[in-house]
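Indexing begins at 1, ligand by ligand and atom by atom, following the structure's order. The chain is numbered in sequence order, starting from 1.
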Amino acid sequence: MDKSRALIIKDKGVLEYVELEKPQIRPYEVLYRTQSCSLCTVEQRTYLGTRNYGYPFLGGHESAGIVEAVGEGVVGFEVGDKVVFTSAYCNQCVYCHTGRGTQCLLKKKLPKRINFEGSMLGGGLSEYLAIPAWQLIKVPDDANLDHVALTEPLACCIHSIEKANIKTGETVVIIGMGIMGLLHLKLAKMKGARVIVSEVNDLRRQKALNNGADIAINPIKESFIDKIKEYTNNLGADVVFNTIPIPSVWKEAISILAPYGRLIAYSSQDESVEIGVDFGKVHGKEFEFIGTTNPTMENNLNATWLIANKVIDMEEVIDSRFAFDEGIEAFKRAIEPDAYRVIIKY
Ligand SMILES: [Zn+2]
Ligand SMILES: [Zn+2]
């Protein structure tokens, strides 16, 4: 048993099971045995070839597992602990030292979690990984590992929500009700906001209403801008989160901001497409544009608490579950446009 089976994306549209060397732990590392791994858009886009991380690719950054062994110097974990891993924060750079590990300068310099000739993000699609202890969070023994495997997407949304600095009673608009939009909705309601969502899919709009959205707009059937004006007495929205990667949405998003409005750039965007912005208006209306990407360590910790204590029910965003051996079927389901998260279980 000194091998670690892994499901890799060998090339665009090509998945393959490979046997890697089971990693040897070094001091301050934990041997992590994967139990549950979710297929994020990174894996989906790499599989489809719409994003190139470099092939072959070992993915799986939304994962939960069990501590199999601990290295010298590890004091926070014991064999058998249930854990989730976070981003590969180096814990040695100026951003990590100041609680802003989303901008870690050195994560690419760290030793790989497993010896793999190719590009890698997370690595939860391998049975075993060697992970520095500071990149792990212990979860309660009774935590549902499929649910806590979804720590990272929730933590990304917590980062975004906290940067928006929502005040009780403010009007928040969320564009897009995929998993990220839905998690933003749940968190914004917890902040005491009135939430208006914009989504073209009927089922997702209904799901938003079931999850506390105050109003759900279908931007294909009605004018998004007119509707926001109508619902806000012509003032506009205090906070707008854009969760969809369509460049033309930005102008609409800016046009519905109220004075002092904050626009949160949550979705990744094609940097080569420029969006014209009237900075006279930004000045006069005191708008704020805020970028957000990935979570900090603290956001991850808070996400595990919300999930493990069942404050947020992650079952809502799980589409389906597949055994590790059914990984190819799992990818096929994950790339369907209506799928929320697909979980692979070991
Ligand atoms: Zn993710
Ligand atoms: Zn760092």
Side-chain angles (χ1 to χ4, degrees), residues 7 9 28 34 36-48 50-51 53 57-65 84-113 119-126 129 131-137 145-161 176 178-184 187 241 243-245 266-268 292-304 306-307 312 314 316-319 330-331 333-335 339-344:
L7 176 59
I9 303 172
Y28 305 106
T34 311
S36 187
C37 185
S38 150
L39 300 178
C40 178
T41 45
V42 171
E43 285 82 33
Q44 297 164 31
R45 289 180 190 159
T46 307
Y47 174 60
L48 290 167
T50 52
R51 184 167 180 173
Y53 261 92
F57 175 77
L58 173 60
H61 63 276
E62 300 177 0
S63 175
V84 296
F85 64 69
T86 65
S87 295
Y89 308 115
C90 77
N91 223 13
Q92 298 167 55
C93 76
V94 63
Y95 291 104
C96 285
H97 282 167
T98 51
R100 301 178 295 173
T102 54
Q103 300 295 328
C104 174
L105 296 170
L106 302 173
K107 60 177 153 194
K108 291 210 172 86
K109 288 199 165 180
L110 289 179
K112 281 186 172 177
R113 292 171 173 179
S119 60
M120 188 170 156
L121 187 72
L125 287 172
S126 166
L129 296 168
I131 303 181
W134 64 83
Q135 295 170 9
L136 291 165
I137 296 171
L145 289 180
D146 298 347
H147 292 178
V148 289
L150 294 166
T151 291
E152 191 260 359
L154 181 61
C156 285
C157 297
I158 292 174
H159 191 54
S160 170
I161 289 279
I179 175 174
M180 295 305 183
L182 187 65
L183 294 175
H184 271 88
L187 292 166
F241 293 96
T243 72
I244 60 174
Y266 182 82
S267 174
S268 60
T292 181
T293 187
N294 298 331
T296 63
M297 194 67 197
E298 185 182 2
N299 302 144
N300 278 292
L301 187 64
N302 291 337
T304 62
L306 286 177
I307 299 170
I312 291 191
M314 298 309 277
E316 191 99 38
V317 297
I318 294 177
D319 173 88
F331 267 86
R333 175 58 196 152
I335 59 173
Y340 280 103
R341 279 295 191 267
V342 169
I343 301 271
I344 290 183

Would the number of heavy atoms belonging to other residues, nucleotides or ligands and lying under 6.0 Å from OH of Tyr340 be above 12? yes
With a 6.0 Å cut-off (strictly less than), is the heavy-atom count around NZ of Lys112, excluding the residue itself, greater than 12? yes
Rounded distance (nearest 0.5 Å) linking atom NE2 of His147 with atom CG of Leu145: 10.0 Å
Would you check if the side chain of Ser38 reaches a backbone N or O of Leu150 as a donor-acceptor pair within less than 3.5 Å? no
Gap separating the OH atom of Tyr89 from the NE2 atom of His97, nearest 0.5 angstrom: 14.5 Å
To the nearest 0.5 Å, what is the distance between CG (Leu39) and CG (Asp319)? 10.5 Å
Protein N, O or S atoms lying under 2.8 Å from the Zn ion (ligand 1), listed by chain and number: Cys40 SG, His61 NE2, Glu62 OE2, Glu152 OE1
Trace of the side-chain contact (heavy atoms from CB on, under 4.5 Å) decision for His159 with Thr293: CA-CA 8 Å; His159 191 54; Thr293 187; over 6 Å; no
May I ask you to decide if Gly60's main-chain N or O and Glu43's side chain share a donor-acceptor pair within less than 3.5 Å? yes
May I ask you to determine how many protein N/O/S atoms are under 2.8 Å from the Zn ion (ligand 2)? 4
Separation of Gln135 CD from Cys90 SG (nearest 0.5 Å): 9.0 Å
